[in-house]
Amino acid sequence: MNVSVILFTADLRLHDHPPLRAALDGSRQVVPLFVRDPAVDRAGFAAPNRLAFLADCLRDLDTGLRERGGRLVVRSGDVVEQVLKVVAEADADEVHLAADVSAHARHRETRLRRVLEEQGVRLHVHDTVTTAVPPGALSPAASDHFAVFTPYFRQWSREPIRDTLAAPRAVPVPDGVGSEPLPSRTAVTGLSDGLAPGGEQAGRSRLTAWLRDGITAYEDRHDDLAGDATSRLSPHLHFGTLSPVELVNRARRAGGGAGAEAFVRQLAWRDFHRQVLAARPEAASVDYRTRNDRWRSVPDEVEAWREGRTGYPVVDAAMRQLRHEGWMHNRGRLLTASFLTKTLYVDWRVGARHFLDLLVDGDVANNQLNWQWMAGTGTDSRPNRVLNPVTQAKRYDPDGTYVRRWVPELAHVEGPGVHEPWKLRGLDRAATDYPEPIVELSEGRARFLRGRGMAV
DNA sequence: TGCTTGTTCGA
DNA sequence: CGAACAAGC
């Protein structure tokens, strides 16, 4: 064999990378390729925060490849056309690609396979690059996929996980295959000021620190909003700068305590959502299990939610964290999603869209299916579950630190009283221009909605 | 072996 | 309340 092209997508790393390993084992030279496809922009998935993080990832990938004697080739245009061009320029006879589940990824794979076969070029699609357990590997007796997490997790836990692959020592890239300049983070406008840095190096440092300092306390502290004791590895999982297989292996070897187990369980949730989306690709935009909701159309309320001015401090704190960091604590994601879909009774697609516009880890499978879960149209076995924002605030931000961090209008209010500003008196009350609640609550839902929001 | 019924359990 | 699995026919 001669030359292989490796099409990098959501797997922007050199460690534990089966396509890269297979290509290097079978070929004299490889072309590491990334294609900036305008179809991704058109589909609305090119949010500034992710474009900036992606620019970091590509630079770091190029750096890693150069340390190994290679380089990254970046092209713009339709992904299939560009792969064909690079295959022709390099006279390649194989293309390697990571399997993925979004409609975009599946369409890309189908088109590539057809066009490459016409040219006599083999397409190799690799599992266990973007998931630890491949979608479709596990299924209950009566269906092609699991719709309930717990039985899925039982099987997932018994599934053998392959060994982590080392990063290659050398990556020989042929001359004469040109690259566009690498995109730069500074060229992206409209990104969050507190955005984390991207790239495999950044991801690996964070992972090492997490396994050393964070994971043991994960079970106890993961829901503590102010404690910020989650891994923050989600952007690296989204862009593939970290490998889910390596994360499972290293977390299990980290001692196997309750923290590590709880963390591995979250990685299983990620695989769970991927196997749902693989079986039901339309669930990215259609109710997985419809309850015939008649969602309200209330632009002013949605705008207040987006801007963090609902008058419910913990909701507003989380929405402002999202805008500032391009990231939100998972407990915040749950309670802000509950507020939009259950309290205001607004279509989950509106919320999912806003999250995808800002989240640096914005991921079709996780984002859409978690939104559906909270909206009651997904895989939740208790679809009527409503998270009361005040109860949630007192439970997960008991002294109000998280709210004071993100809502400066309330920074002067001490203690948990910050969660119910409408009860404040005297100076505390006078000193703030924080908005009144946009709706009054009854059992967590807007008062006038009581009894509605159920299936008809 | 394949289908129906019963039991358990759930971000 | 319904999904998943085990048992029963």
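A quick note: this is a predicted structure, and the numbers were derived from the prediction, not measured. All heavy atoms count here, side chains included; hydrogens, waters and symmetry mates do not. Below, read A as the first sequence line, B as the second, and so on, with proteins coming before strands; counting in each chain starts at 1.
- Counting only N and O atoms by type, the side chains of E409(A) and T432(A) include no donor and acceptor under 3.5 Å apart.
- The span of DNA chain B lying next to chain A, judged by atoms under 4.0 Å from heavy atoms, is bounded 5' to 3' by dG10(B) to dA11(B).
- In this structure, N370(A) reaches the bases: a heavy-atom distance under 4.0 Å links it to at least one base atom across the strands shown.
- Ring geometry for H96(A) against H124(A) counts as parallel: the plane angle stays under 30°, on a 0 to 90° scale with 60° as the upper cut.
- By the 30° and 60° cut-offs, the orientation of the rings of Y345(A) relative to W295(A) is tilted.
- Considering only side-chain N and O atoms, Q155(A) lies under 4.0 angstrom from the phosphate OP1 or OP2 of dC5(C).
- Side-chain polar atoms of D293(A) and W348(A) form no donor-acceptor pair below 3.5 angstrom.
- In this structure, W406(A) and H324(A) have tilted ring planes: the angle between them lies in the 30° to 60° band.
- Counting non-hydrogen atoms under 4.0 angstrom, R265(A) reaches the backbone sugars and phosphates but no base.
- Side-chain contact, E282(A) with Y288(A): no donor N or O sits under 3.5 Å from an acceptor N or O.
- Interface residues of residues 132-151 of chain A facing DNA chain C, ordered by number: P140(A), A141(A), F146(A), A147(A), V148(A), P151(A); criterion, heavy-atom separation under 4.0 Å.
- With ring centers used as reference points, F355(A) lies under 6.0 Å from W371(A).
- Cation-pi geometry between R353(A) and F45(A) is met: under 6.0 angstrom from the ring centre, within 45 degrees of the axis.
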